[in-house]
Amino acid sequence: MEGHSTGVGRVLLLSFCVAGIWSAYITQGVLQETVSTKRFGPDRERFEHLSFLNLAQNVVCLVWSFMMIKLWSSSRACGAPWWSYWSAGITNTVGPAMGIEALKYISYPAQVLAKSSKMIPVMLMGALVYGIKYTFPEYVCTFLVAGGVSAFALAKTSSKTISKLAHPNAPLGYGLCFLNLAFDGFTNATQDSITARYPKTSAWDIMLGMNLWGTIYNMIYMFGWPQGSGFEAVQFCKQHPEAAWDIFLYCLCGAVGQNFIFLTISRFGSLANTTITTTRKFVSIVVSSLLSGNPLSAKQWGSVFMVFSGLSYQIYLKWKKLQRKQKKKAT
């Protein structure tokens, strides 16, 4: 009975994590799209300073992680020093800024799909730079994802979707997304290096260090000179409190979502988290298409399924690899 209740408890906890990640990030996606496409006030003005979203997100997550460390962390002596995150902080500041900026040029579903192809630059760098050999199924996954993203980009976008974009420019939008992926790759590699050097570094320590440097860099970029765009962004929020409220909710969703991601990784592992976040991206595209007026053509829906078929197959391959490792350990 005890084992059964424990099993039920884990299922309930996993369901709680799934609901938390999905609700937080799907809502954040809708708010991100709203801020980037909506026209505010009687003058129908757009919020053009999308980089301000990164600064706001950094500040909210910095405060949140500091609170969590004070509430839950018992030891602060063995974690990585705050200065060790400076280089990852640069790429973690520039990368997401490019991803958000891309929403001026391509639709939210297109941005989600492009950012889902993270495995492509990782495999290219691994094969060309480090001489890593990949299996045939791994290349199949890459082909499905790359083919799906390419087909989506080449498919005709509806005029209704194009009319909502500030400056429609697909090549520039996709280019910003792929630069975002490249910077994310460096950020992840640096974080792995930090945790390897300082094994007792907690997820909250990483969150605090990354957002501390992100806040510093974004503050300098947006408020470091009299003509900085941060002043205009603050002024816009004063004139349009509705936009300020949307931005605050966007940041809060990100902080809450990170909590559920850390909980999932600590209790169920990174593979479970990858599965949840991958399916969340697919649901985000569906929700965006239904609620935000971004109708997709039949060819584009086919591309979406192609991409997520590749990602699902990749998750299955990781699961099989994990199963083999566990069997070896058991024997």
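Just so it is clear, the values below take in all heavy atoms, side chains as well, and ignore hydrogens, waters and symmetry mates.
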Would a line drawn from the ring center of Tyr174 to the ring center of Tyr105 be shorter than 6.0 Å?
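Centroid distance Tyr174-Tyr105: not below 6.0 Å, so no.
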
Using ring centroids (six-membered ring only for Trp), state whether Phe260 and Phe16 fall under 6.0 Å.
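That pair passes the under 6.0 Å test.
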
Taking the inter-plane angle between the rings of Phe47 and His49 on a 0 to 90° scale, is it parallel (under 30°), tilted (30 to 60°) or perpendicular (over 60°)?
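If you compare the ring of Phe47 with that of His49, the planes turn out perpendicular.
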
Flag if over 12 foreign heavy atoms under 6.0 Å of OH, Tyr221:
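At most 12 heavy atoms, drawn from other residues, nucleotides or ligands, come within 6.0 Å of this atom.
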
Should we count CZ of Phe223 as having more than 12 external heavy atoms under 6.0 Å?
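Yes - once you tally the heavy atoms of other residues, nucleotides and ligands closer than 6.0 Å, there are more than 12.
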
Return each pair, listed once, that meets salt bridge (Lys or Arg N to Asp or Glu O under 4.0 Å) where at least one residue sits in residues 208-236; pairs must be two or more places apart or across chains.
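Residue pairs with at least one partner in residues 208-236: there are none.
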
Heavy-atom donor-acceptor pair, Ser288 side chain to Ser284 backbone, under 3.5 Å
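Answer holds: no.
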
SB check Lys164 Glu33 (cutoff 4.0 Å):
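Looking at Glu33 together with Lys164, the answer is no, because their closest N to O distance does not fall below 4.0 Å.
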
Salt bridge (charged side-chain N to carboxylate O under 4.0 Å, His left out) involving Glu242 - partner list, sequence neighbours excluded:
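Applying salt bridge (charged side-chain N to carboxylate O under 4.0 Å, His left out) to Glu242 gives Lys38.
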
Begin with the C-alpha distance, continue with both residues' side-chain angles, and end with the deciding distance and a verdict on side-chain hydrogen bond (donor to acceptor under 3.5 Å, both in side chains) for Ser87 and Thr190.
CA-CA 8 Å; Ser87 59; Thr190 306; 4.6 Å; no

Going by side chain to side chain contact (heavy atoms under 4.5 Å, CB included), His240 matches just one of Gln235, Arg39, Glu45. Which one?
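Passing option: Glu45.
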
Report the C-alpha separation of Thr135 and Glu138 in whole Å, then their side-chain angles, then the decisive distance to 0.1 Å, and conclude whether the side-chain hydrogen bond (donor to acceptor under 3.5 Å, both in side chains) test is met.
CA-CA 5 Å; Thr135 63; Glu138 287 175 323; 3.3 Å; yes

Which pair of non-hydrogen atoms, one from Cys141 and one from Leu317, has the smallest distance, and what is that distance?
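Heavy atoms only, the tightest pair is SG-CD1, 3.8 Å.
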
Residues Asn58 and Asn211: side-chain donor-acceptor under 3.5 angstrom
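Result is yes, a qualifying pair exists.
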
